[in-house]
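Throughout, a chain's letter reflects where its sequence line sits, starting with A, and its residues are numbered from 1.
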Amino acid sequence: MPAVTADRPKDFIRDIIDADLAAGRHQKVVTRFPPEPNGYLHIGHAKSICLNFGIARDYGGVCHLRFDDTNPTTENVEYADAIMGDVRWLGFDWGDKLFYASDYYERLFELAVELIEKGLAYVCDLNEEQISDYRGTVTEPGRPSPFRDRSVAENLDLFRRMRAGEFPDGSRVLRAKIDMASPNMKLRDPLLYRIKHAHHYRSGDRWCIYPLYDFAHPLSDALEGITHSICTLEFENNRDIYDWLVEHLTLPARPHQYEFARLNLTYTVMSKRKLLQLVEEKRVHGWDDPRMPTLAGLRRRGVTPEALRAFATRVGVAKNNSTVELALFEHTLREDLNERSPRVLCVLDPLEVVIENYPEGQTETLEASFWPHDVPKEGSRKLPFGRRVYIDRSDFSENPPKDFFRLAPGREVRLRHAYVIRCERVVKDAAGTVTQLVCSYDPATRGGDAGARKVKGTIHWVSAEHAVDVEVRLYDRLFQVEMPGAAGSDPLADLNPGSLVTRAGCKAEPSLGAAAAGDRFQFEREGFFFVDPVASRAGAPVFNRTVGLKDSWAKAVQKAEPKAEARPAKPATPGPARAREALSPEAQALADRHGLSPEDARVLSEPGPLRKLFEAALALHANARGLAAWVVNELPAEARAGNPLPFGAPELAELVALIDDGTLSGALGKKVLAEMLTSGGSPKAIAERQGLKQIADPAALGPVVEQILAKNPDTVARYRSGNKNVLGALTGMVLKETRGQANPKLVTQLLLDKLG
RNA sequence: UCCGGCGUCGUCUAAAGGCAGGACAAGGGACUUUGAAUCCCUGAAUCAUGGUUCGAAUCCAUGCGCCGGAACCA
C-alpha cells in the first residue's frame, strides 16, 4: 500500500480503493476522466484530473481519457483538442487509453435494445412539456406515461424506426421503465435516447438518435472496465440510475460511482456556462485570457503544472461543499515560482533619478546574482549603472509615513546591487507632480555594501541609458467579491474593473530585451512574471504578472487606513434546540413498565423491527435496560430500516446475558456484535472462538498497566502536567495490549492509583 | 414540503470510540542588499440538545443549518 506523502495523499476515495483491493474485489484500479468537449477545462477539472490520474499512478492502475460526447449540438473537435492538450500539459498521460462515448453508439444501441427486450424500456411519444408534467414534483409522485405499457415488439419497432430517421426531432424518446413514484426524481422513467437530426463532430450523420448522459456514462464505464467512477456531488442522485442500468444489463464489468466535492475558489466562477458567457460577451479576451480560471488561461498567466498539482493535493478530496481561499492557490504558486524564477530588475512606474555627483557620461558594470542566497542556484548577469536611473514612483514619498524605509527628501536608500543614494532635491512640474529626483551617491558603497551604516531600504532601479522599454500586464483577480453571484445576483456584476492593468513603457534591465516567450522571472519586489507566448514579439517581450509578491508593507498601510469591507455574513447560527417533546403515551408506558430511559423508550415505542427484536429478546433474558441500550444504540441504521439481521432475538439475549454475568465487558460485547453483524452466529461461540473473556483481576492487569506506563514516559509526563485527556489514551493502550479484554473501569482505577 | 448529501479553527483538511493534528490566512518576533524567501512564537474549531460508554468529533435519537435533485445538458 502506498505510503502517504505530500504527493501520495489519502482521502476517502483511496480508502474505498484500499478496502476493495484488500477484499479482492479488484486486482487493478481503472479510473477515468470524462470531459465533454463543449468547453475548456478549468482549475476545477484539474482537481478531478489529478484525482483520477493520481489514483491510477499511485495504485499502478490506468486512467482513461474518455470524451463524453453524446450531445452533437454543443461539441466540437477544437474543444476536444484543447482538452487533450490541457491534460497533457498538466502532466498526465493516458497512453493508448483514449476513448469516445461516440465510438460506443452501436453497442449502446444494442444495450438499449436489450433493455427493451427485457421490458425495462419503452418508447414514449409525450412531448417535452408533457413529460415534465407527468414527472410530478419533488413532493408529488409522477404519473405513468400513457405509452408506458407498449409491447416489447412495438417498442423495438419504434426504437429502430427512431434510429432509421423516420421521426422528427423531439417527437419520441426512449425511456427506462423504473418508477414514476420514486422519491428520487431521477428514477421517474429517465430518458435514455432522444432524436436529434444533427451532425456529430465524430460520427457525422450516421446517427439521428443520441444517448443521454445517464445512459451513456455508466455503460461506457462498464464497457471500459472502469472500477471506480469518480464524479462530483451533483451526480449523487444519478447514482441510482447508474446502479439500475449496470445491474439490469449484460455487461463485462460492474463499476461503481463515487462522488466528491467539486472545487470552488473565492473571487472566481467555475461554471462552464458563466465562463462561456465571459468569453462570448467579450468580458475577457478569450478562453486563454490570463484572468480566466481555465487551464489555458492559467498557463498563459504563467502558472506551472507543478503548482496546479501541488494545489490539488493541498485542497484534498472530501464530500463537504467547500470554497478554497484564493490565497492558498497563490501561496502554492509562489512556493513553486520562487524556486524557478531568476531575479531581475524592472521598473513598472518609472521616476527619473539624476545622481548629481556621478560623473557625466560615465557608465560602469555591476555583477548581479540571479538568485537570492536561499535558492540553491548559480548564475548572474551584468547590470549597467550610470548617472541617470529610474526607480519606481511608489518607492519615493515626499511626506513619508511612519516606518517608510524607502526614499524621501534627505533620506538614504540602497539601489539593489549598486550604491546607496541620498535624495537631495525634488523637481516638480507646474502641476506640482514630481518629475525628477536629484540624488547623490556614495562611491564607497559599490555593490550595495553599506558598511557599518544601516540602510534599511533597498529598492530596484534600472539605468535610464540602458533600459529597454517593455509592456507589462498586471493581472489581478477577475472578480472583486469573494463569492461572485452570491444570493442569486449576476456574477458579472461583480467583475473587478482593475483585473487587468496594462503598462507600456516599463523600464527593464537590458538582459530582459532577449527574454523569450515562456520565460519566467521574478521582478524583484514586484512579483513573478511570465513572457506572454501570444503577445510577445522577438525583442519585444510582453510580461504577464502571474502573481504578486507578498507585500506586508501594503498590508500595514491598508491596516492604518481601514476600509470597511463587509465579509459575507456567516450562515445563521442555529437557534436554541426546541424543548424536548413529551413522551407519547405508548413510550411512557414502555418506560414505566421496564424502567427504560425516556430516550430508549421513545425509540422502542415506534412499531418496527427494533421493537420486535427487543420484545422477543426480553422474553429470553430479563434485563430490559440492557437490551434496550444495545438495540437502540448499537444496531446499524440498516436494521432500523427493516433490513434483515444475520442473527435474531436469542443471540441478542445471549449477548446481553454474557455481559451481565461479567464474561464480557461492554467493549468486548461490541467486538462480538460486530462479528454477529457480519456473519451471524452465537455470541458465546464467537467469544470462545476468538478467545475473548473479560479480565477483571487486578493482579493480572497490574503488570500490564505498569508496562504501558513504563513505555510511555512522555504521555505520563503530559498527564502529570495537567492534560487529563491522556488518561483515555493510556486506558486505550492497556485495552489494546489485552486485546480489549481488560475491564476498562478497573484499568482506569489502576492507572489513577499508579499515577498518583 | 419529499428524496439524497454534508456540518471540525476565518478557509481547506486530518483524527476508523482513546492526546482534536496539519496547511493557508491572521497576529507577534528573528533574519534580510527583495517590506520577498527562510526561521521561531501566539491566538483560533468538533452545529445544538439529549442518550450509550470508563472514555464520543466519531455510535444512537431529536432538532437546526447549508448544498444538490422536478434539462430531450453533462
Side-chain angles (χ1 to χ4, degrees), chain A residues 10 15 34 36 38 68 70-71 74 128 131-132 135-140 142 169-170 173 182-186 188 191 193-196 210 212-213 217 233-237 259 261 266 272 314-316 318-325 327-328 331-332 334 338 343 372-375 403 405 414 416-417 447-450 455-460 522 524-526 549-554 556 567 571-578 580-581 597-600 602-603 629 632-635 666-667 670 715 718 723 725-733 735-736 743-749:
Chain A
K10 205 82 194 106
D15 287 344
E36 186 192 10
N38 70 343
D68 250 349
T70 54
N71 189 351
T74 57
E128 200 167 344
I131 287 178
S132 158
R135 189 147 34 214
T137 69
V138 288
T139 47
E140 303 154 35
D169 286 6
V173 290
S182 171
N184 179 358
M185 303 239 3
K186 296 275 182 193
R188 322 251 257 230
L191 275 54
Y193 269 91
R194 77 286 221 188
I195 300 172
K196 264 191 196 216
Y210 291 92
L212 282 121
Y213 169 85
H217 195 86
L233 251 26
E234 67 270 24
F235 292 98
E236 264 169 338
N237 295 313
E259 310 87 14
T266 55
K272 264 190 187 178
R314 273 177 187 239
V315 301
K319 294 189 81 152
N320 287 351
N321 274 308
S322 59
T323 302
V324 176
E325 288 179 346
L328 177 61
H331 169 83
T332 312
R334 291 188 189 106
N338 182 47
R343 277 36 174 196
H373 25 284
D374 52 356
V375 174
D403 292 330
F405 304 155
R414 172 168 32 236
R416 176 80 160 150
H417 301 302
D449 182 1
V455 179
K456 196 101 165 111
T458 300
I459 65 175
H460 58 292
Q522 184 196 101
E524 291 205 32
R525 306 209 312 130
E526 292 289 354
L549 254 27
K550 258 176 58 180
D551 189 347
S552 52
W553 170 243
R567 222 184 143 78
T573 58
R578 257 191 296 157
R580 214 110 276 267
E581 278 168 46
S597 72
E599 195 69 39
D600 289 350
R602 195 155 44 80
V603 175
V632 171
N633 291 310
E634 304 301 336
L635 259 21
K670 280 180 204 178
T715 312
R718 264 206 299 283
N723 186 349
N725 283 348
V726 305
L727 185 62
L730 290 166
T731 308
M733 289 182 221
L735 246 15
K736 190 172 257 172
N743 177 296
K745 262 189 220 171
L746 184 56
V747 171
T748 305
Q749 192 50 54

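With sequence neighbours excluded, the residues satisfying side-chain contact (heavy atoms from CB on, under 4.5 Å) with A:D169 are A:I195, A:H197. When the side-chain contact (heavy atoms from CB on, under 4.5 Å) test is applied to A:N320, no partner is found at least two apart in sequence or on another chain. Applying the ring pair (Phe, Tyr, Trp, His ring centres under 6.0 Å) criterion to A:H217, with sequence neighbours excluded, gives A:Y213. Every residue two or more places apart in sequence or in another chain that forms a side-chain hydrogen bond (donor to acceptor under 3.5 Å, both in side chains) with A:R414 is listed here: A:T458. With sequence neighbours excluded, no residue forms a side-chain hydrogen bond (donor to acceptor under 3.5 Å, both in side chains) with A:N237. With sequence neighbours excluded, the residues that form a side-chain contact (heavy atoms from CB on, under 4.5 Å) with A:V173 are A:C124, A:I131, A:R175, A:L191, A:R194. Shown here are the side-chain contact (heavy atoms from CB on, under 4.5 Å) partners of A:P372, two or more places apart in sequence or in another chain: A:R343, A:D374, A:V375. In terms of the side-chain hydrogen bond (donor to acceptor under 3.5 Å, both in side chains) criterion, residue partners of A:R416 (sequence neighbours excluded) are, by chain and number, A:E524. The side-chain hydrogen bond (donor to acceptor under 3.5 Å, both in side chains) search around A:R314 returns A:E335, not counting sequence neighbours.
The distance between atom CD of A:Q522 and atom C1' of B:U34, rounded to the nearest whole Å, is 7 Å. Look at CG on A:N633: it is 4 Å from C1' on B:U52, rounded to the nearest Å. In this structure, A:D600 atom CG and B:C59 atom C1' are separated by 13 Å, rounded to whole Å. Rounded to whole Å, atom C1' of B:A14 lies 18 Å from atom NZ of A:K319. As rounded to whole Å, 11 Å separates atom C1' of B:C31 from atom CG of A:D374. Computed from coordinates, the A:R188 CZ to B:G4 P distance equals 13 Å when rounded to whole Å. One interatomic measurement links the two molecules: CZ of A:R343 to C1' of B:G35, which rounds to 15 Å at whole-angstrom precision. Protein atom NE2 of A:H373 is 6 Å distant from nucleotide atom P of B:U34, rounded to whole Å.
Comparing the same atom, P, in B:A70 and in B:U38 gives a spacing of 46 Å after rounding to whole Å. On the P atoms, B:U52 is 25 Å away from B:A16, given to the nearest whole Å. Look at the P atom in both B:U13 and B:A61: the space between them is 26 Å, to the nearest Å. B:G27 and B:U62: their C1' atoms are spaced 41 Å apart (whole Å). Atom P of B:G5 sits at a distance of 14 Å from the matching atom of B:C59, rounded to the whole Å. B:A15 and B:C31 have their P atoms separated by 40 Å, with the value rounded to a whole Å. Spacing between B:U8 and B:C66 at atom C1', rounded to whole Å, works out to 15 Å. Across the C1' atoms, B:A48 and B:C64 are found 7 Å apart, a figure rounded to whole Å.
Close to B:U13, at under 4.0 Å from its OP1 or OP2, lies a side-chain N or O of A:N320. Residue A:S552 has a polar side-chain atom (N or O) positioned under 4.0 Å from OP1 or OP2 of B:A36. The side chain of A:N338 contributes no N or O atom lying less than 4.0 Å from OP1 or OP2 of B:A37. Phosphate proximity of B:A37 to A:K550: present, with a side-chain N or O under 4.0 Å from OP1 or OP2.
Not one N or O on the side chain of A:R718 forms a donor-acceptor pair closer than 3.5 Å with the backbone of A:V726. Remark: the backbone N or O of A:E140 is paired with a side-chain donor or acceptor of A:T137 at under 3.5 angstrom. In this structure, A:T748 contributes its side chain and A:P744 its backbone to a donor-acceptor pair below 3.5 Å.
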Each nucleotide in nucleotides 18-24 of chain B should get exactly one letter: B, S or -. Can you fill that in based on protein heavy atoms under 4.0 Å? BBS--SS
Where along nucleotides 69-74 of chain B does protein come under 4.0 Å, by heavy atom, of base (B) or sugar-phosphate alone (S), with - for untouched nucleotides? BBSBSB
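When heavy atoms are screened at a 4.0 angstrom cut-off, A:A318 is found touching the sugar-phosphate backbone but no base atom. Looking at heavy-atom distances under 4.0 Å, A:T323 makes contact with sugar-phosphate atoms alone, never a base. In this structure, A:R334 reaches neither bases nor backbone, as no heavy-atom distance under 4.0 Å exists between it and the strands shown. Looking at heavy-atom distances under 4.0 Å, A:K670 makes contact with a base. Looking at heavy-atom distances under 4.0 Å, A:D551 makes contact with sugar-phosphate atoms alone, never a base. Within the 4.0 angstrom heavy-atom criterion, no nucleotide atom of any strand lies near A:N743.
The strand RNA chain B forms stems, runs of 3 or more Watson-Crick or G-U wobble pairs with distances below 3.5 Å, at B:2-7 with B:64-69, B:10-13 with B:21-24, B:26-30 with B:38-42, B:47-51 with B:59-63.
With B:A36, B:G5, B:U52 as the candidates, the nucleotide lying closest to the side chain of A:N321 is B:G5. Here B:C12 is the nucleotide among B:G5, B:C2, B:C12 with the atom lying nearest to any side-chain atom of A:V315. For A:T139, whose side chain is taken as the heavy atoms from C-beta onward, the closest listed nucleotide among B:G4, B:A61, B:U1 is B:U1.
Of the two residues near RNA chain B, A:G457 and A:S597, the one whose nearest nucleotide lies more 5' is A:G457.
Taking all atoms of both residues into account, the shortest heavy-atom contact from A:T332 to A:L328 is OG1-O, 2.7 Å.
Taking the ring centre of A:Y210 as origin, the terminal cationic atom of A:K196 falls outside the region bounded by 6.0 Å and 45° from the ring axis.
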